[in-house]
Amino acid sequence: MQAMIAAAPMISLAGTALSAVNSAQAGSASAAASSAGAKNAKDYARYQATQLNRRANSERATGQRGAIEEWRRSRLAQSQARAVAAASGGGVSDPSVTKIIGDLAGEGEYNALTALYEGEDAARGYEDQARAGIYEGDVTAAGLKAKARASRRAGIMGAVGSTLYGATSFANKYGEGLTDDTADAGTMPPPALSFNQEFNRDRML
């Protein structure tokens, strides 16, 4: 029993140290999780942006192919109009033939430009989504990094708080006795004299 009482201060100190370590570890674990979440948020945002940019390039290429196809159709239609006019005895300079060919050319140009516009518009839409996704990912990552820093600080402060609380508790529980012993060491009464010493002292008086 006395051994347990004597060991109580050491047990108290060990408990304080363990509490401080647990607090620091909890803060570190939470910070690590937040940091990992920040990295995942940025990586996912950039992966999504890559996919969207690829889609944008695909839409732009589709628009270009569509425009090329419309120009090809327009040229073919104009050639057929000229062939029909020539077979019917009319010339290319005939006003009606010229108008038909002009209309075909204008329609082909309009269709080609429309295909280019639609492809470019779709591409820019995907590129805007990619940029917005990256921005959102960066904001999320920044928030998680801030949370990681806060968790790490909270763990450190918790460890410091546990240490200070433990030290205060230790001093309150065990410091009084130690202080009293130390204080009494300088104010202890002198040792009692033996009978002979007292007798000799009295003779001298």
Side-chain angles (χ1 to χ4, degrees), residues 21-160:
V21 169
N22 288 339
S23 179
Q25 288 180 341
S28 179
S30 179
S34 296
S35 296
K39 183 178 183 304
N40 290 337
K42 292 189 72 171
D43 290 345
Y44 180 74
R46 277 154 179 74
Y47 170 78
Q48 290 289 92
T50 299
Q51 300 303 311
L52 289 168
N53 283 325
R54 288 177 179 174
R55 186 73 180 272
N57 291 335
S58 178
E59 291 292 339
R60 188 173 282 115
T62 298
Q64 292 171 353
R65 288 193 298 270
I68 292 172
E69 179 62 18
E70 292 298 334
W71 281 320
R72 188 191 68 81
R73 290 177 180 177
S74 176
R75 288 194 299 270
L76 180 59
Q78 292 175 56
S79 297
Q80 291 176 343
R82 291 189 185 96
V84 171
S88 63
V92 178
S93 59
D94 185 274
S96 60
V97 175
T98 301
K99 184 177 185 306
I100 291 173
I101 292 175
D103 290 343
L104 291 173
E107 183 179 358
E109 185 69 14
Y110 173 81
N111 292 338
L113 294 177
T114 299
L116 285 174
Y117 172 81
E118 290 176 348
E120 184 66 23
D121 185 62
R124 290 183 178 181
Y126 287 119
E127 289 171 346
D128 288 343
Q129 290 182 45
R131 285 190 290 269
I134 289 177
Y135 175 77
E136 183 178 354
D138 288 344
V139 170
T140 301
L144 289 172
K145 286 181 179 178
K147 184 178 179 181
R149 290 191 295 270
S151 297
R152 194 173 290 109
R153 284 195 299 269
I156 294 172
M157 295 304 296
V160 172

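Counting from 1, the numbers follow the sequence of the chain as shown.
- Residues Ala41 and Ala141 approach most closely at CB-N, 4.4 Å, considering heavy atoms.
- Two residues are said to be in side-chain contact when any heavy atoms from C-beta on lie closer than 4.5 Å; Glu69 and Arg65 fail this criterion.
- For Arg75, there are no salt bridge (Lys or Arg N to Asp or Glu O under 4.0 Å) partners two or more places apart in sequence or in a different chain.
- Scanning all heavy atoms of the two residues, the minimum distance from Ala67 to Ala112 falls at CB-O, 3.2 Å.
- Counting heavy atoms from C-beta on, the side chains of Arg73 and Leu76 never come closer than 4.5 Å.
- Of all heavy-atom pairs between Ala45 and Gly133, the closest is CB-O, 3.4 Å.
- Taking OG1 from Thr140 and OH from Tyr135, the interatomic distance works out to 10.0 Å, rounded to the nearest 0.5 Å.
- The CG atom of Leu116 sits 12.5 Å away from the CG atom of Asp121 when rounded to the nearest 0.5 Å.
- Glu70 and Ser74 are not linked by any side-chain donor-acceptor pair at a separation below 3.5 angstrom, with hydrogens and angles left out of the test.
- Between Glu127 and Arg124 there is no salt bridge, since no side-chain nitrogen of the basic residue lies less than 4.0 Å from a carboxylate oxygen of the acidic one.
- In this structure, Ile100 CD1 and Gln78 CD are separated by 11.5 Å, a value rounded to the nearest 0.5 Å.
- Contact record, Tyr126 with Ala56: CB-CB, 3.8 Å, taken as the closest heavy-atom pair.
- Nearest heavy-atom pair across Glu59 and Ala123 is CB-N, 4.0 Å.
- Partners of Arg131 according to the salt bridge (Lys or Arg N to Asp or Glu O under 4.0 Å) rule, which considers only residues two or more places apart in sequence or in another chain, are Asp128.
- Between the side chains of Ser58 and Arg55, no donor-acceptor pair is found at a separation under 3.5 Å.
- In this structure, CG on Leu52 lies 10.5 Å from OH on Tyr47, to the nearest 0.5 angstrom.
- At least one side-chain heavy atom of Lys42 sits under 4.5 Å from a side-chain heavy atom of Asp138.
- Note: Asn53 CG to Arg46 CZ = 12.0 Å, rounded to the nearest 0.5 Å.
- Atom CD of Glu136 has 12 or fewer heavy atoms from other residues, nucleotides or ligands within 6.0 Å.
- The distance from the CG atom of Asp103 to the OG1 atom of Thr98 is 10.5 Å, given to the nearest 0.5 Å.
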